Amino acid sequence: MSAVDEIDLVAADDRPTPTEIREAVHAAIERCAKEHGGLVHISLVRAYLEPWQTGPQVGAAICHMVRAGRLVWTGEYAPNGNTGTRNALRPAKVYRLAPTPIRIVAGEHRP
């Protein structure tokens, strides 16, 4: 395969990138919180995603937001709801989206 063939293959590749999937998942989390009084649960988030936007990225994004302090556990659990796996009835934590902290940089307020 020549370099030109590889370039053509890459240019023609229309599969979603991990960045596109991650952005879609984060947008779904924000939308879920907005429409559910600040609450976020993996089964609710999945309802806002297209089939190509699912997979391990959903759990990874939630985990990242928990570690970053953006999602705070409410102390409640709800069924996972993933009927594509054996996890449909497995308990999963319910979170509340925390407000975005305001950072002060050189005297300016930035979200």
Side-chain angles (χ1 to χ4, degrees):
M1 177 181 292
S2 72
V4 173
D5 293 336
E6 288 182 48
I7 291 170
D8 290 341
L9 285 172
V10 171
D13 186 0
D14 63 352
R15 292 176 294 176
T17 66
T19 300
E20 291 170 327
I21 295 170
R22 189 171 37 254
E23 288 172 355
V25 171
H26 281 277
I29 290 169
E30 296 284 339
R31 184 174 170 202
C32 176
K34 182 179 179 181
E35 295 183 12
H36 293 277
L39 296 180
V40 175
H41 183 264
I42 194 160
S43 67
L44 298 172
V45 171
R46 279 193 207 98
Y48 298 105
L49 296 170
E50 298 296 327
W52 63 268
Q53 298 169 328
T54 60
Q57 296 87 348
V58 179
I62 288 175
C63 183
H64 170 76
M65 291 180 79
V66 168
R67 290 178 179 176
R70 289 283 289 135
L71 290 176
V72 180
W73 183 38
T74 64
E76 300 291 322
Y77 290 92
N80 180 292
N82 187 356
T83 58
T85 66
R86 295 177 299 185
N87 293 329
L89 298 177
R90 181 179 178 195
K93 291 181 177 180
V94 178
Y95 298 97
R96 179 167 304 284
L97 185 66
T100 304
I102 296 175
R103 290 180 269 153
I104 300 174
V105 179
E108 296 179 20
H109 294 282
R110 296 184 181 178

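Owing to the predicted nature of the structure, the values given are computational and were not obtained by experimental measurement.
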Do Leu71 and Val45 sit in one hydrophobic cluster, given that two such residues count as connected whenever their side-chain heavy atoms are within less than 4.5 Å of each other, even indirectly?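 Yes, Leu71 connects to Val45 through the hydrophobic network.
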Identify whether Val94 and Val58 are in the same connected component of the hydrophobic contact network (ILVMFWY, side-chain heavy atoms under 4.5 Å).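 They do not share one cluster, since no chain of ILVMFWY contacts under 4.5 Å joins Val94 to Val58.
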Any idea which heavy atoms bring Thr74 and Arg96 closest together, and the distance?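 Scanning both residues completely, I find the closest heavy atoms to be CG2-N, 3.9 Å.
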Minimum heavy-atom distance Pro91-Tyr77, with the two atoms named: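 Closest approach of Pro91 to Tyr77, heavy atoms only: CB-CD2, 3.9 Å.
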Can you confirm whether [X] sits close enough to [Y] that some side-chain heavy atom of one is under 4.5 Å from a side-chain heavy atom of the other?
{"X": "Met65", "Y": "Leu97", "value": "yes"}
{"X": "Tyr95", "Y": "Val66", "value": "yes"}
{"X": "His64", "Y": "His26", "value": "yes"}
{"X": "Ile42", "Y": "Ile62", "value": "yes"}
{"X": "His36", "Y": "Val40", "value": "no"}

Using a strict threshold of under 4.0 Å (side-chain N to carboxylate O), is an ion pair present between Lys34 and Glu30?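 Salt bridge: no.
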Does any N or O in the side chain of Arg90 come within less than 3.5 Å of the main-chain N or O of Asn80, such that one atom is a donor and the other an acceptor?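 Such a contact is absent between Arg90 side chain and Asn80 backbone.
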Is it the case that the side chain of Glu23 and the backbone of Glu20 share a donor-acceptor pair, with hydrogens and angles ignored and the cut-off at 3.5 Å?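 Not confirmed, Glu23 side chain does not pair with Glu20 backbone.
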Out of curiosity, [X] [atom1] to [Y] [atom2], how far, rounded to the nearest 0.5 Å?
{"X": "Ile29", "Y": "Arg31", "atom1": "CD1", "atom2": "CZ", "value": "13.5 Å"}
{"X": "Glu76", "Y": "Leu39", "atom1": "CD", "atom2": "CG", "value": "9.5 Å"}
{"X": "Asp13", "Y": "Asp8", "atom1": "CG", "atom2": "CG", "value": "12.5 Å"}

Strictly by modelled atom types, are Arg46 and Ser43 linked by a side-chain donor-acceptor pair under 3.5 Å?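 Side-chain D/A pair, Arg46 to Ser43: absent.
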